[in-house]
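Throughout, a chain's letter reflects where its sequence line sits, starting with A, and its residues are numbered from 1.
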There are 2 protein chains.
Amino acid sequence: MLATETVENYLKAIYLLQRDAAADEASMGKIAAALGVTAGTATSMVKKLVAARLARHERFGGVRLTTKGTRAALDILRRHRLVETFLVDTLGLDWSVVHDEAERLEHAISPMVLDALDRHLGRPAFDPHGDPIPRADGALQESEAMPMSELGSGDAARLVRVLDQRGDSLRFLRASGLKVGATLRVVAIEPGAGVMRIRPDGGSIVSMSTTAAARVLVRPTRSRH
Amino acid sequence: MLATETVENYLKAIYLLQRDAAADEASMGKIAAALGVTAGTATSMVKKLVAARLARHERFGGVRLTTKGTRAALDILRRHRLVETFLVDTLGLDWSVVHDEAERLEHAISPMVLDALDRHLGRPAFDPHGDPIPRADGALQESEAMPMSELGSGDAARLVRVLDQRGDSLRFLRASGLKVGATLRVVAIEPGAGVMRIRPDGGSIVSMSTTAAARVLVRPTRSRH
DNA sequence: CGCATAAGTTTGACGACTCAAACTCTAGGT
DNA sequence: ACCTAGAGTTTGAGTCGTCAAACTTATGCG
Ligand SMILES: [Mn+2]
Ligand SMILES: [Mn+2]
Ligand SMILES: [Mn+2]
Ligand SMILES: [Mn+2]
């Protein structure tokens, strides 16, 4: 609304980088990379965010959103994830393509349309990738979950979230029957090869590297084997 | 896609102005007014359209879309009207608010989302205002209809299209039970006062000026009175 | 006919966003 | 402690879309 589309993109990128960073701040280089822009462009844009009291930054230091900037970022994230949910649940698009679509649509959704969409979808708490959808008031409940790589052989679990959202990762998981909500069991672990063998309920066994498995979050289920 | 959001807006505006103009061309002043921009801005923008072979224009003359420009305009119109249909049919928004929402969303809809939307809506031929939705190939079938003002006293008809799409007109019509698809009967005509009295099926009698009625299109039904 | 007025055009400027390239700072390794 | 490679910043310039204001053209009224 008030912020330009570009500013919205910067806010969302900084929010996500900050969330994943150890020091709880986003580096200028990563901001630039996330937005596909040169470092100089990012620097001058951040200067604008600071002037608008959306972020804090000192020369050669990291970037951190203010409360106001965080609120704005959560609003954009809410739009993004609700749109993704709509594209998958209502229109039936594949979860590997919806991110790019939402990246554009998120900027064109008014509060009225957003609320109608939210109601239509049944006020979902999670998007198709298992990412939590910020509520209208900015509340964000992360789901309790552990990396699939930490499961032991024979453990059963439910897939709750996918962190690696590159298209080919998502297509591999879908093709394997590994979607959010699916239950699965660890068939075997080969620590030497760095590979786990997983059997999704009702599917056939698939092999994944433990690094790939670490980016799939699960919740262990009552194991009755 | 290729055209910028601004260019898309110009193309759509010129298409609609051209369609409604006697000389089948859009004047620079009306283009500027339609886009809320100064005449100088419109002039320079049209120059760009001409350079892109999307329009033709000679100094101090009217503006006319080329075949290429018309095709592009119809594509945008298709996105606009499908989005409006979605907002009303799927999300339940009022027909008086969807135009402004669609005005922004139309630029963020990819071919893939557009087709999924079209399928989800059952490939509708008309939008909530009765305006025809251009097909993917650019075909556009106008519906056979006459102005309600030309009905005689006692005539029955079905409302098929609303030309005046200002918010208060649309809200008046909806509040009166006059929506697309509704059947109605002319109760009385007062030529002196310039007023018609209409009874929508299952509603109560409303008065409308004949000029307002002229902007409501109907198809007469088997009159069995 | 002639000209005042409306319509359209041109010009110069600006804000938003971007890049390339020159520059400056920081931090880690010797 | 120093130096340097990498990270960050600044500068100058360009594109896009816009406005205000000066200017030009067409035309219809007297
Ligand atoms: Mn975006
Ligand atoms: Mn997502
Ligand atoms: Mn538009
Ligand atoms: Mn419409």
Practice problem: Report the residues that fulfil side-chain hydrogen bond (donor to acceptor under 3.5 Å, both in side chains) with B:Thr211, sequence neighbours left out, ordered by chain and then residue number. | Solution: B:Ser209

Quiz prompt | Set of residues satisfying side-chain hydrogen bond (donor to acceptor under 3.5 Å, both in side chains) with respect to A:Arg171, sequence neighbours excluded | solution = A:Ser96

List, with names and distances, any nitrogen or oxygen atoms from the protein found under 3.5 Å away from nitrogen or oxygen atoms belonging to nucleotides 1-5 of chain D.
none

Self-check item: Listed partners of B:Arg174 passing salt bridge (charged side-chain N to carboxylate O under 4.0 Å, His left out), at least two apart
Solution: B:Asp94

Exercise. Report the residues that fulfil salt bridge (charged side-chain N to carboxylate O under 4.0 Å, His left out) with B:Glu84, sequence neighbours left out, ordered by chain and then residue number.
Key: none

Exercise. Tell me which residues in residues 30-38 of chain A put a heavy atom below 4.0 Å from DNA chain D, sorted by number, or none.
Key: none

Quiz item: Taking side chain as C-beta onward, heavy atoms only, is B:His99 less than 4.5 Å from B:His80?
Solution: yes

Practice problem: Find the distance B:Leu17:CG to C:dA7:P and express it as a whole number of Å. | Solution: 15 Å

Which residues pass the side-chain contact (heavy atoms from CB on, under 4.5 Å) test with [X], not counting sequence neighbours?
X       : answer
B:Asp75 : B:Arg79
A:Thr43 : A:Met28
A:Glu25 : A:Ala23, A:Arg64

Exercise. Check A:Val63 against A:Val46 and note the closest heavy-atom contact, atom names and distance.
Key: CG2-CG1, 3.9 Å

Quiz item: Which residue pairs satisfy the salt bridge (Lys or Arg N to Asp or Glu O under 4.0 Å) criterion with at least one member in residues 45-57 of chain B, sequence neighbours excluded?
Solution: none

Self-check item: From D:dG17, C:dG8, C:dA16, nucleotide with atom closest to B:Lys48 side chain
Solution: D:dG17

Quiz item: Side-chain N or O of A:Tyr10 less than 4.0 angstrom from OP1 or OP2 on C:dT18?
Solution: yes

Quiz item: Judged by atom type as modelled, is there a donor-acceptor pair below 3.5 Å linking the side chain of B:Ser110 to the main-chain atoms of B:Val113?
Solution: yes

Quiz item: Can you tell me if A:Arg78 uses its side chain to pair, donor with acceptor, with the backbone of A:Gly138 under 3.5 Å?
Solution: no

Exercise. Would you check if there is a donor-acceptor pair between the side chains of A:His107 and A:Asn9 at a distance under 3.5 Å?
Key: yes

Under-3.5 Å N/O pairs linking protein and nucleotides 9-12 of chain C:
from: C:dT9; atom 1: OP1; to: B:His57; atom 2: NE2; distance (Å): 3.1
from: C:dT9; atom 1: OP1; to: B:Phe60; atom 2: N; distance (Å): 3.1
from: C:dT9; atom 1: OP2; to: B:Thr43; atom 2: OG1; distance (Å): 2.9
from: C:dT9; atom 1: O3'; to: B:Arg59; atom 2: NH1; distance (Å): 3.1
from: C:dT10; atom 1: OP1; to: B:Arg59; atom 2: NH1; distance (Å): 2.9
from: C:dT10; atom 1: OP2; to: B:Lys47; atom 2: NZ; distance (Å): 2.8

Practice problem: Measure the angle between the two terminal helix axes of the helix from C:dC1-D:dG30 to C:dT30-D:dA1, five base pairs each, and quote it to 10°. | Solution: 10°

